[in-house]
Amino acid sequence: MIQIPPVQINDTIGIVSTARKISPEEIQPAIELLKNLGLKVKVGKSIGLENNQFAGNDEERSSDFQMMLDDPEIKAIWCARGGYGTVRIIDELDFSNFEENPKWIIGYSDITVLHSQLNILGFESLHAQIAHNIDQKSESTRETLKNILFGKPVSYEILSSQMNKTGLCEGELVGGNLSILYSLLGSTSAISTEGKILFLEDLDEYLYHIDRMMQNLKRNGMFEDLNGLIIGGMSDMNDNQIPFGKKAAEIIQETVKEYDFPVCFEFPAGHIYDNRALVFGRRISMEITAEKTTIHYKS
């Protein structure tokens, strides 16, 4: 997997929206954060555009992102917002110039489409808070994003959940939003999980949808040769009038109980206040004990 060069002081970071619309005012805290880090900012044309719920139509969003991919002065692309829409433009993007001059692509949720495509192409990417609401997240959210951007080592040690399955594993970290990964199955952007460690998070889904998606991943063999599983935020879940009977984490635990790989629940990443940054495409080691979970990135 090809690693992305760290950014340097005075480098330029591009901000675009590949999905939901967002106003220039809503990204001001993100711009201020980047400038305080000694970085320059180029705001994409998609910021402020409106086409129903989207940040402009498909052509406007794809051309804006393409410009950021092709511009050699832009050293990282920070996606402004998730929601829905990135899958509508992924097949229009040309990554040829990116492959010659790779740069960080940053975001989560709907940006899982880009993370998956980059993984297929053999490049790392940065699963981290979108530009929207960066000022309303934890200090660890901002600190881990900054450290990875500038090439500083990152490791995590968190208290273990009682739901965890203990053990030690190593592998390339992949994944993202469960709903998006589910929607990409059978497409050219579907990732391989063989010998890897899979991260999953989601928001605002019906519990039976979580079960359906997990069963689909299982039937597609995504857990067969998996080395480890990390579950982040499973936030604001919904239920029917007749209860499903299990919480999201319990659904996931039941789905993977037959496998031998270690499982970490309640990792601080996803649609939650403490959304810590993760490098997808890089190897990690993970040790889960009854007391704590420790994750180290391999050089």
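Every heavy atom of this structure was used, including side-chain atoms; hydrogens, water molecules and symmetry mates were not.
- You'll find the ring centres of F98 and F123 inside the 6.0 Å limit.
- No more than 12 heavy-atom neighbours from other residues, nucleotides or ligands sit within 6.0 angstrom of CG on L159.
- Considering every non-hydrogen atom in both P102 and I4, the closest pair reads CB-CD1, 3.8 Å.
- Around atom NZ of K40, no more than 12 heavy atoms belonging to other residues, nucleotides or ligands sit under 6.0 Å away.
- Within 6.0 Å of CG in N240 there are more than 12 heavy atoms belonging to other residues, nucleotides or ligands.
- Two residues are said to be in side-chain contact when any heavy atoms from C-beta on lie closer than 4.5 Å; I231 and Q253 fail this criterion.
- Using a 4.5 Å cut-off between side-chain heavy atoms of Ile, Leu, Val, Met, Phe, Trp and Tyr, with links allowed through other members, L126 and I111 fall into the same hydrophobic cluster.
- Of all non-hydrogen atoms in I15 and A30, the two that sit nearest each other are CD1-CB, 4.5 Å.
- Relative to the six-membered ring of Y156, R276 misses at least one condition, a distance below 6.0 Å or an angle of at most 45° to the axis.
- Residues V87 and S183 fail the side-chain proximity criterion, which asks for heavy atoms closer than 4.5 Å.
- Atom CD of Q162 is surrounded by 12 or fewer heavy atoms from other residues, nucleotides or ligands within 6.0 Å.
- When the side chains of ILVMFWY residues are joined at heavy-atom separations under 4.5 Å, either directly or via intervening members, F261 and M286 end up in two distinct hydrophobic clusters.
- Under a cut-off of 6.0 angstrom, the local environment of CD in E266 is sparse, with at most 12 non-hydrogen atoms contributed by other residues, nucleotides or ligands.
- The shortest non-hydrogen separation linking S17 to S46 is N-OG, 3.0 Å.
- The environment of E194 atom CD is sparse: at most 12 non-hydrogen atoms of other residues, nucleotides or ligands sit within 6.0 angstrom.
- Residues N220 and N216 have side chains that bring a donor and an acceptor to within less than 3.5 angstrom of each other.
- Residues E201 and F267 fail the side-chain proximity criterion, which asks for heavy atoms closer than 4.5 Å.
- In this structure, H271 has its ring center under 6.0 Å from that of Y108.
- Placement of L181 and L278 in two distinct hydrophobic clusters is found when ILVMFWY residues are connected by side-chain heavy-atom separations under 4.5 Å, directly or transitively.
- Atom NZ of K165 has more than 12 heavy atoms from other residues, nucleotides or ligands within 6.0 Å.
- In this structure a side-chain-to-backbone donor-acceptor pair under 3.5 Å is missing from K21 to N51.
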*Using the side-chain contact (heavy atoms from CB on, under 4.5 Å) rule, take W104 and L145 through it: C-alpha gap first, then chi angles, then the decisive distance, then the call.*
CA-CA 11 Å; W104 283 118; L145 170 59; over 6 Å; no
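- Nearest heavy-atom pair, R61 versus G85, reported as atom, atom and distance to 0.1 Å: NH2-O, 3.1 Å.
- Counting heavy-atom neighbours within 6.0 Å of E59 CD, excluding the residue itself, gives a total of 12 or less.
- A salt bridge (Lys or Arg N to Asp or Glu O under 4.0 Å) with R283 is found for exactly one of E124, E170, E172, namely E170.
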_Q117/T86 under side-chain contact (heavy atoms from CB on, under 4.5 Å): CA gap, chis, key distance, verdict_ = CA-CA 11 Å; Q117 189 65 43; T86 308; over 6 Å; no
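- Linking Ile, Leu, Val, Met, Phe, Trp and Tyr whenever their side-chain heavy atoms come within less than 4.5 Å leaves L217 and I230 in two separate clusters.
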*Please assess L173 against Y297 for the test side-chain contact (heavy atoms from CB on, under 4.5 Å), listing each intermediate value before the final yes or no.*
CA-CA 9 Å; L173 183 62; Y297 277 97; 3.6 Å; yes
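- To the nearest 0.5 Å, the span separating CD on E258 from NZ on K218 amounts to 3.5 Å.
- Residues I9 and L37 approach most closely at CD1-O, 3.2 Å, considering heavy atoms.
- Between K42 and E73 there is no salt bridge, since none of the side-chain N atoms of the basic residue sits less than 4.0 Å from a carboxylate O of the acidic one.
- The hydrophobic cluster containing I74 also contains F95, counting ILVMFWY residues as joined when their side-chain heavy atoms lie under 4.5 angstrom apart, directly or transitively.
- Side-chain atoms of L39 and N10, non-hydrogen and from C-beta on, never get closer than 4.5 Å to each other.
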*Start with the C-alpha gap between K35 and E32, add the side-chain angles, then the distance that decides, and say whether salt bridge (Lys or Arg N to Asp or Glu O under 4.0 Å) holds.*
CA-CA 5 Å; K35 289 183 176 179; E32 293 173 12; over 6 Å; no
*Step-by-step side-chain contact (heavy atoms from CB on, under 4.5 Å) determination, T255 to Q215*: CA-CA 7 Å; T255 306; Q215 292 299 324; 4.0 Å; yes
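- In this structure a side-chain-to-backbone donor-acceptor pair under 3.5 Å is present from T112 to N177.
- Of all the heavy atoms in F65 and C79, the pair that sits closest is CE1-SG, 4.4 Å.
- When side chains are defined from C-beta on, S125 does not count as touching N119, because their heavy atoms never get closer than 4.5 Å.
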